[in-house]
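What you see is a predicted model, and the numbers here were worked out from it, not measured in a lab.
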Amino acid sequence: MRFTAVDLGASSGRVMTADITDEKVELTEAHRFANRPVRVAGTLHWDVLGLYREILDGLRRAGPAESIGIDSWAVDYGLLDGDGRLVGNPVHYRDGRTAGLTERVDPYEVTGLQFLPFNTVNQLLCDSRDGLLDRAATLLMIPDLLAYWLTGDIGAERTNASTTGLYDVTRRDWAWDLVDRLGLPRRVLPPVTEGPAGPLRPDVAEETGYTAAVARVASHDTASAVVAVPASTPAFAYISCGTWSLVGVELPAPVLTEESRVANFTNEAGVDGTTRYLRNVMGLWILQECLRVWDSPDLGPLLAEAGRARIDTVIDPDDPSFLPPGDMPARIAAYCARTGQPAPRDRAQAVRCILQSLAHAYQRAVADATRLSGRRVEVVHLVGGGSRNELLCRLTADATGLPVVAGPVEATALGNALVQARARGLVGDLAQMRDLVRRSADVRTYEPRERRWGQ
């Protein structure tokens, strides 16, 4: 059977087809496109209508399928009025409107969520302050908004709902007491669901040339990626590495201790009632912004030079100065000046510094996850676009002292499609899905060498 996976990342999107049998999965890229934010009157927005147009183009190119699944980044959302129209264009999480919010408003023992200033709950407080919620009838996270435009169905898919700071991870529903305490209107939160979104609207079916159902997959891209981690035992950590890096372990229940809160770990819903216990790390965003400032040089030769470069400097990828778009090489130099470290002298040293700093952050996150959860870890699975970066994978193996299994690159699209296939009875539980990934995906193992920096 063929399934279509729409996978939206923070910097690009793709529409993939997945031909799935009981023996293997074959992914084919039908359409890939840039995801470029737009700054209007001082506010950074997602071009969500442009994304919707690209999705329709991708569906036409992909052709008929059994069903369609949509996943994207978390946190951001659209507000609809009573007639189903956008109240305002969705705001990008890198916009500065929440930068001054430094105190959490959601109790960790309820939401289990890592504090980030741009969490959904903080963005909603900004919208409430600005009067936007007075005009809103419904809040839809980005994948749910796109599914609504395709089908007319309204709902809140669980894995993305769990990232909002308004979801009770123990009760597995909206934290209504918190919603009331914050003065947010209950009406804007649709029912939390895991069921299908429904068939394409007639006008969408006519435009794409076929009819299909939109399935509710694990719509948070990390949740879909974790489905496709090719693990053979529970003793694994994962790094879903793209613009952001999500580093953690898979657990049967959340960890809501004070120690976990202080360590800034998050508990997010996974497939089959699992908990994604993880820490957000800034990821390849810093490198991406450096490449943009450097007029997009060929990354391959630059990584080869970085592999030979030597620099002991380690930056904190999660320093707030690295969050907004801008001149990242200059910000790295400024960070080095503040911390009394030598700044990179050239591009190769800058790339080396970024990648070894990420590996160092990964090591801390894996060590903290094992300590706080009690989960034993024997291997690290690094999936997503970062799995193609050999230097990053080698540095991560060296830093953690654990084997790093790199791949699959398109883990998110794979997980998206596999959840669709399960709804059609092609695969069973998570273990069976991961077994199918192991038989289908190209992966490479990096064994740890003698550490040359860091610890």
Side-chain angles (χ1 to χ4, degrees), residues 3-17 29-40 43-65 67-95 120 123 132 136-157 160 188 190 196-221 224 243 412-413 416-417 420:
F3 303 89
T4 299
V6 178
D7 174 26
L8 302 177
S11 57
S12 67
R14 70 280 304 152
V15 178
M16 311 281 290
T17 61
E29 183 180 298
H31 184 44
R32 184 175 291 266
F33 48 93
N35 184 2
R36 297 190 182 96
V38 181
R39 191 173 295 279
V40 180
T43 300
L44 192 65
H45 295 274
W46 294 106
D47 183 9
V48 70
L49 293 179
L51 292 176
Y52 181 67
R53 180 191 63 240
E54 296 285 4
I55 290 171
L56 292 178
D57 288 347
L59 294 179
R60 283 194 295 270
R61 296 180 187 184
S67 61
I68 302 160
I70 306 173
D71 67 73
S72 86
W73 66 96
V75 174
D76 293 329
Y77 55 88
L79 296 173
L80 302 180
D81 66 15
D83 295 318
R85 298 171 298 196
L86 278 177
V87 171
N89 209 54
V91 178
H92 196 296
Y93 61 79
R94 293 192 192 276
D95 182 74
T120 308
Q123 295 198 52
L132 288 178
T138 307
L139 175 151
L140 293 177
M141 305 301 284
I142 294 297
D144 296 327
L145 174 64
L146 295 166
Y148 167 71
W149 285 339
L150 290 175
T151 68
D153 180 79
I154 286 179
E157 190 280 322
N160 231 321
V188 301
L200 294 175
R201 295 176 189 255
D203 59 314
V204 177
E206 181 178 358
E207 185 166 354
T208 58
Y210 62 92
T211 59
V214 174
R216 284 204 194 279
V217 296
S219 72
H220 184 196
D221 51 8
S224 278
T243 300
T412 303
N416 178 323
Q420 295 182 63

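- Of the inter-residue distances, the one linking Arg36 atom CZ with Leu51 atom CG reads 11.0 Å to the nearest 0.5 angstrom.
- Pro199 is linked by a side chain to side chain contact (heavy atoms under 4.5 Å, CB included) to nothing, counting only residues two or more places apart in sequence or in another chain.
- Taking Ala213 as the reference, nothing meets the side chain to side chain contact (heavy atoms under 4.5 Å, CB included) condition, with sequence neighbours excluded.
- Note: Leu150 CG to Leu59 CG = 6.5 Å, rounded to the nearest 0.5 Å.
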With side chain to side chain contact (heavy atoms under 4.5 Å, CB included) as the test, would you mind laying out the steps for Leu86 and Leu145 before giving the verdict? CA-CA 10 Å; Leu86 278 177; Leu145 174 64; 4.2 Å; yes
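- Leu8 and Leu146 make their closest contact through CD1-CD1, 3.3 Å (heavy atoms, listed as atom of the first residue, atom of the second, distance).
- Looking at residues two or more places apart in sequence or on another chain, you find a salt bridge (Lys or Arg N to Asp or Glu O under 4.0 Å) between Arg32 and Glu29, Glu410.
- Leu80 has its side chain out of reach of Val87: every pair of non-hydrogen atoms, C-beta onward, lies at least 4.5 Å apart.
- Between Ile154 and Pro190, the shortest heavy-atom distance links the atoms CG2-CB, 3.7 Å.
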Side chain to side chain contact (heavy atoms under 4.5 Å, CB included) evaluation trace for Asp57 with Glu54: CA-CA 5 Å; Asp57 288 347; Glu54 296 285 4; 4.0 Å; yes
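- Each side chain to side chain donor-acceptor pair (under 3.5 Å) pair with one or both residues in residues 138-148, not counting sequence neighbours, appears once here: Asp144-Arg216.
- Between the side chain of Asp83 and the backbone N or O of Arg85, no donor-acceptor pair lies under 3.5 Å.
- Between Ala197 and Asp153, the shortest heavy-atom distance links the atoms O-CB, 2.8 Å.
- Side-chain atoms of Thr120 come within 3.5 Å of backbone atoms of Val75 as a donor-acceptor pair (strictly under, hydrogens ignored).
- Arg14 contributes atom CZ, which lies 11.5 Å from atom CD1 of Ile55 (distance to the nearest 0.5 angstrom).
- Listed by chain and number, the residues in a side chain to side chain contact (heavy atoms under 4.5 Å, CB included) with Ala74 are Asn160, Thr163, His220 (sequence neighbours excluded).
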Run the side chain to side chain contact (heavy atoms under 4.5 Å, CB included) check on Phe3 and Ile68 step by step: do they pass? CA-CA 6 Å; Phe3 303 89; Ile68 302 160; over 6 Å; no
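- Note on residues 200-211: pairs passing side chain to side chain donor-acceptor pair (under 3.5 Å), not counting sequence neighbours, are Arg60-Glu207.
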Val48/Trp149 under side chain to side chain contact (heavy atoms under 4.5 Å, CB included): CA gap, chis, key distance, verdict: CA-CA 11 Å; Val48 70; Trp149 285 339; 3.9 Å; yes
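- Side chain of Thr17 to backbone of Ala62: no donor-acceptor contact under 3.5 angstrom is found.
- Between Gln420 and Val217, some side-chain heavy-atom pair lies under the 4.5 Å cut-off.
- The salt bridge (Lys or Arg N to Asp or Glu O under 4.0 Å) check on Asp76 picks up nothing, with sequence neighbours excluded.
- Every residue was checked against the side chain to side chain donor-acceptor pair (under 3.5 Å) condition with Asn89, not counting sequence neighbours, and none meets it.
- The side-chain heavy atoms of Ile142 and Pro90, taken from C-beta on, include a pair separated by under 4.5 Å.
- Ser72 meets the side chain to side chain donor-acceptor pair (under 3.5 Å) test with no other residue; sequence neighbours excluded.
- Annotation: side chain to side chain donor-acceptor pair (under 3.5 Å) contacts of Asp71 (sequence neighbours excluded): Asn416.
- In this structure, Ala147 and Ile70 approach most closely via the heavy-atom pair N-CD1, 3.9 Å.
- Using bins of under 30°, 30° to 60° and over 60° for the plane-to-plane angle, the ring pair Tyr93/Trp46 lands in the tilted bin.
- Pairing each heavy atom of Ala65 with each of Thr4, the nearest pair is CB-OG1, 3.3 Å.
- Scored by the side chain to side chain contact (heavy atoms under 4.5 Å, CB included) test, Asp95 finds Arg39, Thr43, Leu44, Val91, Arg97 as partners (sequence neighbours excluded).
- You'll find the side chain of Trp73 reaches within 4.5 Å of the side chain of Asn35, heavy atoms only.
- Not counting sequence neighbours, His45 has no partner by the ring pair (Phe, Tyr, Trp, His ring centres under 6.0 Å) test.
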